[in-house]
Structure formats: structure tokens, C-alpha cells
Number of protein chains: 2
Amino acid sequence: MKITRKVTIKDVSQHSGFGIGTVSRAINQSEGISEKTRKKIQASIEQLGYTPNYVAQSMRSQKYKSIAFFADISNPVFAQIAKSVQIELDSYGFTLSLCSIGEKNVEEKISSFLNGRSFDGIILSIPTEKDWKLNKVLTKIDIPVVPINRDVPTLPPGVLTDYYSSVKKAINYLISLGHESIAMITGNKEIRPTREGIRAYKDCFDFQGKQFNEELILSGKLNSKSGEELLLEIAPKIHRGEVTAVLSLNNQMFYGILRAMRKESLRYPDDISIITFEDNELTQLLDPPVTSIHRPIDDMGKQIAQVLLKYIQDPESYGEEEPIVIPTEFLIRDSCKPII
Amino acid sequence: MKITRKVTIKDVSQHSGFGIGTVSRAINQSEGISEKTRKKIQASIEQLGYTPNYVAQSMRSQKYKSIAFFADISNPVFAQIAKSVQIELDSYGFTLSLCSIGEKNVEEKISSFLNGRSFDGIILSIPTEKDWKLNKVLTKIDIPVVPINRDVPTLPPGVLTDYYSSVKKAINYLISLGHESIAMITGNKEIRPTREGIRAYKDCFDFQGKQFNEELILSGKLNSKSGEELLLEIAPKIHRGEVTAVLSLNNQMFYGILRAMRKESLRYPDDISIITFEDNELTQLLDPPVTSIHRPIDDMGKQIAQVLLKYIQDPESYGEEEPIVIPTEFLIRDSCKPII
DNA sequence: TTGAAAGCGCTAACAG
DNA sequence: CTGTTAGCGCTTTCAA
């Protein structure tokens with residue numbers, strides 16, 4: 001058995017009797033080729049089992065059919081987004097490459113990852129918008145970038161979850177149950193979800209003509225440890241009944257909140273009412289199940305892929321598109337109790 | 001401001017005064033170049049801010065510094081593996097590309113994904129080992145493939161979790177608590193974890209001189225729905241006290257098991273003792289927390305990357321390496337109760 | 001409409 | 001030790 005060299009465009013050219021250029025035109029569905037020859041060449045391609053070499057195509061065309069995804073994939077939310085983005089991209093022949101980023105040195109990670117590699121576009125979730133170094137790096141990138149849930153000054157808005165309405169629904173629900181002292185646990189204040197959450201929170205209280213207490217907004221990092229610390233901070237108030245409800249804007253922080261509650265022997269909904277962003281196995285299987293804000297993550301991933309693809313295909317449109325806002329659903333379960 | 005063309009090896013050659021070939025040798029740390037020239041060239045490279053074009057390098061060298069990862073990343077276990085694999089690969093300049101696969105048409109997905117694209121290696125987690133079509137596709141692949149927890153006939157063993165010891169510990173623990181009718185919920189029987197689990201289960205009973213009841217091994221699919229159905233199947237027995245413990249070999253199935261228990265108003269540890277594979281937020285935060293089998297996932301990812309890299313760097317060693325066995329930890333918590 | 005030929009940026013073989 | 005050159009497989013002028 002002889003070693004089978006990969007079949008190239010040259011083989012197709014010979015086999016079909018047409019020139020290399022013509023074959024290329026047939027492959028790329030380009031103009032200036034008769035339907036007849038296209039068919040003949042197509043037949044040769046199928047007989048030989050030819051597939052164009054993506055690497056060679058890329059080198060010549062400067063198109064890579066490849067997207068870089070920067071996020072912390074160990075967060076199931078991003079894992080799921082990555083999955084649906086990949087599935088969507090795949091149907092357009094695009095490949096998704098992963099790059100994990102943490103809290104620190106994000107710009108360094110991103111630029112060293114991009115260095116030398118070639119992508120047509122980037123999907124990005126970053127820990128803070130106010131990262132001067134990062135923003136500098138981002139301006140230098142000459143391919144479209146779609147941020148997830150971030151307002152990056154140098155970038156078009158991308159895809160956003162409707163945190164404002166979500167938080168409004170949650171807070172109003174708690175108010176309707178009679179809660180007045182509602183703590184809200186959020187990530188740092190330099191990301192859109194936090195800003196939008198706070199805005200919604202304030203608006204709810206303003207609308208009700210109620211006093212808004214700044215101290216009840218607790219900002220930290222987007223991880224469970226931080227969530228735990230923040231809950232521990234207000235635990236005394238909860239014990240004293242000075243805080244009767246907690247709204248968590250982040251799934252990871254919520255894990256920490258639950259851990260802290262356990263440590264403090266605080267039980268929901270009796271000692272405290274709780275609501276969290278992101279519905280998942282945990283919120284469903286906890287006893288009682290947790291009232292939560294749900295977003296269609298697969299749909300989000302699909303939309304992210306779609307905008308990016310649009311930007312790539314039509315660079316003129318980059319930055320001209322309206323932000324895509326993903327609506328959420330408010331799932332009332334049994335983790336909140338009315339104040340009597 | 002003039003448009004800055006990307007600097008190429010030619011520029012470096014001109015700037016440094018050395019030939020293109022010499023520059024290439026400097027870049028690739030190849031033999032046959034004096035330390036002096038290397039330094040001079042290095043200086044030029046830095047001054048010009050040159051980075052080799054990976055695409056061109058790949059095209060010429062047939063090395064792509066690129067790995068394909070086939071798995072269902074929406075399972076947090078694989079997401080975390082993907083993350084740590086990526087981090088490890090990144091330190092060697094390799095890129096990780098994602099491809100989601102489901103339960104069906106796996107061979108079709110894999111081969112169409114690979115088609116035209118170029119990778120140096122593959123990481124693979126497949127739903128069943130007895131997939132004739134898939135195995136046929138796999139034999140045709142001429143780059144190293146590292147399977148995760150699977151014995152694929154046509155492939156070297158790769159990286160394996162020690163299911164045998166893990167299950168043995170769990171079963172023996174249950175036996176020591178006085179349990180005799182232990183149900184084990186597993187994936188399909190054509191994957192290594194199931195086979196190893198069953199073998200361990202049998203060995204434990206044999207060793208104790210106890211009767212092993214085949215009916216208590218419940219095989220299904222690796223998803224929560226299947227876990228739910230299987231638990232529902234034996235629910236009557238649990239109610240009657242004919243089954244007193246359940247061991248779940250899969251994290252996804254475990255979600256379903258918990259759902260089914262809730263439907264059936266079955267509570268652990270009072271109505272039934274439970275143990276599951278994979279420790280995570282859910283097992284820790286459930287009340288009471290769940291006794292579980294934990295494996296070091298990040299370490300697993302790192303090892304997967306390492307073997308694959310070794311195979312790529314030294315193709316002779318492909319298939320000659322011993323399987324890498326990942327040990328597990330048995331975390332006793334409060335989900336099991338002794339039989340009195 | 002088609003073919004020929006010039007590269008894309010790089011590596012590797014060959015010469016010197 | 002270093003320079004020159006021939007491609008890798010493809011797209012894209014430019015002629016025919």
C-alpha cells in the first residue's frame with residue numbers, strides 16, 4: 001500500500017484537464033467560470049475526494065476562518081456560550097480557539113496569545129472595563145471584537161444581557177413581598193452588569209419613594225470566595241433582621257453566598273430571602289429551589305457568533321450595528337418569603 | 001500615518017544584513033548558526049517587533065501547533081479539562097480548538113471537522129467505544145489521538161481515571177455501613193468507566209462472599225434525563241427498603257437522580273444513602289452535603305496535554321507509553337447512613 | 001472563459 | 001557558518 005499524499009488543487013487540475021486557476025474559481029464559487037466547467041471540476045473534486053487546504057488558503061487570502069474566544073471557561077456560563085458559539089461558527093466553516101484569562105494581566109495574556117496567530121475575529125469577556133492597558137491593546141487590534149456584557153470604550157457594544165430589567169423585576173418582587181432592606185451582591189463596579197444592576201435597584205426604590213441605602217450594594221470579585229466574604233460581612237445585619245433579602249448578580253458569587261449562609265447557620269427563606277442570577281442545576285435542586293433570573297445562554301452564544309460573522313463578512317458594518325440585548329426570564333421559586 | 005504592513009522575515013533579513021535562511025535558523029533555534037549572529041538577528045527582531053507568521057510556518061513545516069478537542073463542553077468536567085489543557089498547551093505555543101460532539105453521528109462530526117483543517121493532535125471523549133464507524137475514521141487519522149477515559153481498540157490508552165479503585169472504596173464504605181442492596185447507576189456498558197465500575201462492584205461483593213445482584217446495575221446515557229429515569233425505575237424498591245443505597249458514576253446522571261428523588265419524595269440519607277462521582281458546588285452545597293468521589297481535574301488536563309505533546313514531539317513513542325491513571329479521593333460527607 | 005505565472009511568508013536542502 | 005533557492009497549496013492578477 002503506498003502512502004497517499006493529500007490530494008491538492010494540482011491533482012484536480014490534472015484530473016479535470018483544467019488549469020489550476022480555473023479549479024480555484026470553481027472551489028470558491030467565484031465569477032467568470034462557465035457552469036459546464038464548474039460541474040466537470042466538481043465531479044473531479046468528488047472523485048478525488050479533494051478538500052482545499054485551509055492553511056494554504058489562509059496564507060494567500062488572509063482569511064483564516066478562525067475565531068479566538070477569551071474568557072474563563074471554568075465558569076459553566078462561558079462554557080455553554082463557548083459551546084453554542086462553536087456550533088454556530090462550525091456551520092459557517094469557522095473554528096473556535098480557546099484562551100483562558102484570569103483576573104490579572106489580561107492585556108498581556110491577550111496580546112501574547114494573538115501574537116503571531118491569525119484570527120478573523122475575537123469574542124471577549126473581561127473582568128473589568130477600566131483596564132487602561134487592555135484598552136490600549138484592544139485599539140491596536142485590526143479585526144472585529146465582540147465583547148460579552150461589557151461596555152468597552154474602544155469597542156462596539158456587542159451582546160448584552162438585560163440586567164436592568166432583570167434586576168428591576170427581582171427587586172420589585174422583593175418589595176412586593178414587603179422587603180425594604182435588600183442587599184445586592186455584585187461584581188466590581190467597572191462592569192456593565194453591576195452598573196445596570198445598581199441603576200435598576202435605585203430606580204425601583206425611587207419609584208416607590210423609598211430610601212435607597214448605598215451600603216446595601218456590596219461589590220466584589222466575580223468568584224465564590226468574594227461572594228462568601230461579602231455575605232459574611234452583612235451576616236450580623238441579617239441575624240439582627242436589618243437585612244431581609246439578598247440578590248446575587250453572579251452565579252459564581254452565589255456559591256460563596258450559600259457557603260457563607262451555611263457557616264452562619266442562616267437558612268432561606270426563613271432567615272433571609274434570596275434570589276440569584278443564572279438558573280442551573282444547583283438553583284433547581286437546592287431545597288427549597290431558588291428563585292432566579294434565567295437567560296437563554298445558547299441563544300446568546302448563537303447571537304454572538306452571528307454578529308461577529310456579520311462584522312467579518314462586512315467590515316463596514318463593524319461598530320454600526322445596534323447592541324444585541326438578550327432578555328431574561330424571572331423564575332419564581334421558593335427561596336423568598338413575605339415579610340409579615 | 002502610513003499603513004504598517006506586517007513585518008516579515010525578509011525585513012529582518014535586510015535590517016540585520018543576514019540572509020533569510022540564517023534568520024529562519026535564528027528564529028527556530030536551529031543548529032548551524034553562531035551565537036554572535038543569533039544575537040544580532042535577535043536584536044533586529046526585537047527592534048522591528050517581528051513575529052513569525054504562524055500560517056506560513058505551518059504551511060511549510062507541516063506543523064500547526066494546534067490541537068483539536070472533541071467533547072461536550074457543556075459538561076463542566078470537560079469545560080474544566082479544556083481549560084487546563086489550554087493553559088498547558090499555551091505554554092508550549094499550541095492552540096486548542098473546540099468541537100462539540102453529541103451522542104450521535106460522532107464519526108461524521110469528527111471527520112467533517114477535521115476535513116481540510118490541520119491539527120497536530122487530537123483529544124477525544126466519546127460516548128461509546130463500540131462505534132464501528134467511528135473506529136474506522138479513527139484508524140485513518142495520521143496524527144496522535146489521546147482519548148479520555150476510553151479504551152478505543154484502535155488507539156493507545158491515553159489518560160484514565162481510576163474508576164476501579166474509586167468504586168471499590170465507595171462500595172466497601174457502603175457495605176461497612178451495613179448496606180447490602182446497593183444500586184449503581186452508570187453510563188452505557190461500552191465505556192471503560194462502566195466496565196471498571198461493574199468489575200469493582202462485583203469484586204467487592206465476591207470478596208465479602210455476598211450475593212451480587214445484576215439487576216442493581218442500571219445503565220443508561222450520560223445525561224441527567226437518563227439518571228432520572230433509572231432512579232424512577234428503582235424508586236419502588238427504595239420505598240420498600242429493597243434498595244438502601246445508590247452510587248452514581250456520573251455527574252450529569254446525578255442531577256437526574258436528585259430530581260427523581262425529589263419527585264418521589266425520597267430523602268437522603270434517611271430514605272436512601274447516596275454517593276456520586278465528581279465533587280462540585282452542588283455536592284458541597286446540598287443539605288446535607290453529598291459523599292463523593294473526587295478527581296483532580298486540572299491535573300488530568302495537564303497530563304492529557306503532556307502526553308499528547310510527547311506523542312507529537314516524538315511520534316515513535318505514540319502508543320508505546322503506559323496509560324496514565326489519575327487517582328481519586330473519596331470524600332465522606334453526610335449523605336450515607338448506616339443500616340441498623 | 002480560461003491558463004499561466006507571480007507571489008503569500010516561511011523552511012529546508014544545497015552550495016559555497 | 002551563511003546565502004540562495006525551490007517549493008508548501010492556494011488565490012489572484014494579467015494575458016490570451
Side-chain angles (χ1 to χ4, degrees), chain A residues 3-42 44-45 48-66 93 115-120 142, chain B residues 3-45 48-66 93 114-120 142:
Chain A
I3 288 168
T4 47
R5 200 178 38 77
K6 185 90 170 84
V7 7
T8 74
I9 199 172
K10 224 168 159 182
D11 301 316
V12 178
S13 159
Q14 276 173 2
H15 184 272
S16 66
F18 289 95
I20 275 182
T22 312
V23 176
S24 173
R25 273 175 283 245
I27 296 164
N28 299 294
Q29 324 277 20
S30 330
E31 303 292 288
I33 177 172
S34 76
E35 201 44 46
K36 238 171 108 182
T37 23
R38 191 195 299 284
K39 282 222 172 100
K40 281 186 191 165
I41 290 175
Q42 192 52 44
S44 284
I45 287 177
L48 298 175
Y50 165 75
T51 344
N53 180 322
Y54 282 25
V55 178
Q57 278 186 328
S58 299
M59 161 120 133
R60 218 22 257 265
S61 65
Q62 305 280 46
K63 288 172 192 159
Y64 308 97
K65 297 223 163 205
S66 189
N115 208 341
R117 285 181 250 242
S118 304
F119 298 102
D120 304 296
D142 53 358
Chain B
I3 288 170
T4 47
R5 197 180 40 77
K6 185 92 169 86
V7 9
T8 74
I9 199 172
K10 226 169 159 180
D11 301 316
V12 178
S13 158
Q14 276 172 1
H15 182 273
S16 66
F18 290 95
I20 271 183
T22 311
V23 175
S24 172
R25 271 175 287 244
I27 295 164
N28 299 291
Q29 323 280 19
S30 330
E31 303 292 289
I33 178 172
S34 77
E35 201 44 44
K36 239 170 105 182
T37 10
R38 191 194 298 286
K39 282 218 173 104
K40 281 186 192 166
I41 292 175
Q42 190 52 42
S44 283
I45 288 178
L48 298 175
Y50 165 75
T51 346
N53 179 321
Y54 283 26
V55 179
Q57 279 186 328
S58 300
M59 161 120 132
R60 208 33 250 259
S61 65
Q62 306 279 41
K63 288 172 191 161
Y64 308 97
K65 296 223 163 206
S66 190
L114 256 23
N115 210 341
R117 284 183 251 244
S118 304
F119 298 102
D120 305 296
D142 53 359

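Here is the naming used below: chain letters follow the sequence lines, and residue numbers restart at 1 for every chain.
- Nearest approach of Gly93(B) to Arg117(A), heavy atoms of both residues: O-NH1, 3.6 Å.
- Read 5' to 3', the first and last nucleotides of DNA chain D with an atom closer than 4.0 Å to a heavy atom of chain B are dC1(D) to dG9(D).
- The CG atom of Asp11(A) sits 10.0 Å away from the NZ atom of Lys6(A) when rounded to the nearest 0.5 Å.
- The salt bridge (charged side-chain N to carboxylate O under 4.0 Å, His left out) pairs that include a residue from residues 51-66 of chain A number zero, where partners must be two or more places apart or lie in different chains.
- Extent of DNA chain C lying under 4.0 Å from chain A heavy atoms, first and last nucleotide in 5' to 3' order, is dT1(C) to dG9(C).
- The CD atom of Glu31(B) sits 10.5 Å away from the CD1 atom of Ile33(B) when rounded to the nearest 0.5 Å.
- In terms of heavy atoms, Asp120(B) sits closest to Gln62(B) at OD1-O, 4.3 Å.
- The two atoms that bring Ala26(B) and Ile41(B) nearest to each other are CB-CG2, 3.7 Å, heavy atoms only.
- The minimum heavy-atom distance between Val55(B) and Tyr64(A), with the atom names listed, is CG2-CE2, 3.8 Å.
- The side chain to side chain donor-acceptor pair (under 3.5 Å) test applied to Tyr54(B) returns no partner, not counting sequence neighbours.
- Under the salt bridge (charged side-chain N to carboxylate O under 4.0 Å, His left out) criterion, Arg38(A) pairs with Glu35(A), sequence neighbours left out.
- Of all non-hydrogen atoms in Val7(B) and Val12(B), the two that sit nearest each other are CG2-CG2, 4.5 Å.
- DNA chain D is contacted by Met59(B), Arg60(B) of residues 59-66 of chain B, taking any non-hydrogen atom closer than 4.0 Å.
- Atom CG of Leu114(B) and atom CZ of Phe119(B) lie 6.5 Å apart (nearest 0.5 Å).
- For the segment residues 29-37 of chain B, residues with any heavy atom less than 4.0 angstrom from an atom of DNA chain D are, sorted by number, Gly32(B), Ile33(B), Ser34(B), Thr37(B).
- Applying the side-chain hydrogen bond (donor to acceptor under 3.5 Å, both in side chains) rule to pairs touching residues 16-30 of chain A yields Ser24(A)-Asn28(A), sequence neighbours excluded.
- Evaluation of the side chain to side chain donor-acceptor pair (under 3.5 Å) rule for Gln14(B) yields no partner, not counting sequence neighbours.
- Looking at residues 49-57 of chain B, you'll see Tyr50(B), Pro52(B), Asn53(B), Ala56(B), Gln57(B) sit with a heavy atom under 4.0 Å from some atom of DNA chain C.
- Proximity of residues 16-24 of chain B to DNA chain C (heavy atom under 4.0 angstrom from any strand atom) is restricted to Ile20(B), Gly21(B), Ser24(B).
- Across its full length, the helix from dT1(C)-dA16(D) to dG16(C)-dC1(D) shows an angle of 40° between the axes of its 5 terminal pairs at either end, rounded to 10 degrees.
- Closest heavy-atom contact between Tyr50(A) and Ile9(A): CE1-N, 3.5 Å.
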